[in-house]
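A short write-up of the structure that comes next.
Everything quoted here is computed from the prediction, not taken from an experiment. Counting starts at 1 for both ligands and their atoms, following the listed order.
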Amino acid sequence: MYRPVLPYGRQTIEDDDIAAVVEALKADFLTTGPTVEAFEDAFAEAVGARHAVACSNGTAALHLAMLALEVQAGEVVIAPSITFLATANCARYVGAEVVFADVDPGSGLMTPETLAEALTRLGGRKLRAVLPVHLRGDAVNLPGLAALANEAGAVLVEDAPHALGTNMTFANVAERVGDVRHSAMATFSFHPVKTIATGEGGMVTTSNPALAERLRTFRSHGMLRPMGAEPWWYEMGEPGFNYRLPDILCALGLSQLAKLPRFAARRRALAKAYGAALAPLEPVLRIAQRPMWSDPVLHLMCVLIDFEAVGLCRRQVVDELRERGVGTQVHYIPVHRQPYYRERYGDLNLPGAEAWYAHCLSLPLYPGMTDEDVERVAEALKAVLGL
Ligand SMILES: *Cc1c(COP(=O)(O)O)cnc(C)c1O
């Protein structure tokens, strides 16, 4: 029987999302209209931040964060090696150097221990920012990382595209990813596989009004309109970019954001179903370790597989799962291994990142999946791994 392959992630676009976009297309402003602010306000409210600044994508969000902090050429930004390329690349956009932090091999997350080790490799250079990633949706130890960053004279910027909707508890205080209680800013993406989708889209949240202002200025060419100036007047202090998110996409974002509670509940239910369905596959297959403070809305269903124990390589498992209708992906190839960074910084020894990469696999997870789909994935894994 032919069954379509379950992708590792996909968007959920419904009729009212489409209607919202059609409405936006009929409105007066296709790009900078009232829906941009409406989306920003709703987003800030959803994550508990004072300010939210919409931008063209998650990569632009990271670049804007570096610009708003005035990170200078030659200064250092610390990023984990297990992340998407953009987390590290944003430092290079402003001429800063990347020091790659290792990750915990069981969770894939930067920890205070791996950050402390990275701090020993600064070589006398000035550290400006630390960019932890809430990999797959599980929250990093924000207070622990913030304490170390502050001590080093740097700020935290959370790269949070995986963790929209994630709750955390630190010292008995309930917090949300994006509320930026421990960091200067948090960045988000609305790429179709993320928790809400606008096609391309991004957001930066902050509680600092000066940072919010700078993010907005850099988002639109560096143009300033001084209060009381002539209506046509603008001034540019520094060149910015065109990183605006159009009204059309903000309309889609607003419509999607209203569904976040439902999407989040569905992702939580699917994660729970996976927990039960995959338990019999332990210890050959284990779900990535959840830190005790993290109550995630998972973006990715990451598992760690002991390929050696079953005598298979990952390629065989990936191919055989695909034949059984199960799509997978690897999150991520350690960024420090990329030819560009190897040429720049040489070969690094980050054993946690290597161990994570050697074992990780992301299984299908998106709100449109059924409980039967989860069973199907677990059955396929059982068969392929010979368990
Ligand atoms: C998706 C993602 C980005 C980049 O977002 P885009 O919108 O695709 O530019 C950056 N960092 C992480 C961790 C991501 O998952």
F307: partners by side chain to side chain contact (heavy atoms under 4.5 Å, CB included), with sequence neighbours left out = I305, R314, V317
H299: heavy atom below 4.0 Å from ligand 1, yes or no?
-> no
Can you tell me the protein heavy atom closest to atom 4 (C) of ligand 1 and the distance?
-> T59 OG1, 3.6 Å
Thinking salt bridges, do D306 and R286 make one under a 4.0 Å N-O criterion?
-> no
The closest protein heavy-atom partner of atom 6 (P) of ligand 1 is G58 N, 3.4 Å
Which residue supplies the protein heavy atom nearest to atom 11 (N) of ligand 1, what is that atom called, and how far is it?
-> D159 OD2, 2.7 Å
Result for ring pair (Phe, Tyr, Trp, His ring centres under 6.0 Å) between H331 and one of W356, Y8, Y357 points to Y8
Which protein non-hydrogen atom lies closest to atom 15 (O) of ligand 1, naming both residue and atom, and how far is it?
-> H162 NE2, 2.7 Å
Under 3.5 Å side-chain donor-acceptor pair for R92 and Y340 | yes
Proximal atoms of ligand 1 relative to T83 (non-hydrogen, under 4.0 Å) = 13 (C)
Determine whether the aromatic ring centres of Y234 and H221 lie less than 6.0 Å apart.
-> no
Under 4.0 Å from a heavy atom of Y332: give me the atoms of ligand 1 that qualify, with their elements.
-> 15 (O)
Hey, are the side chains of F241 and L67 touching, using non-hydrogen atoms and a 4.5 Å cut-off?
-> yes
What protein heavy atom is closest to atom 2 (C) of ligand 1, reported as residue, atom name and distance in Å?
-> K194 NZ, 2.6 Å
Which atoms of ligand 1 sit under 4.0 Å from any heavy atom of N57?
-> 7 (O), 9 (O)
Where at least one partner belongs to residues 377-387, residue pairs that pass salt bridge (charged side-chain N to carboxylate O under 4.0 Å, His left out), sequence neighbours excluded | E379-K382
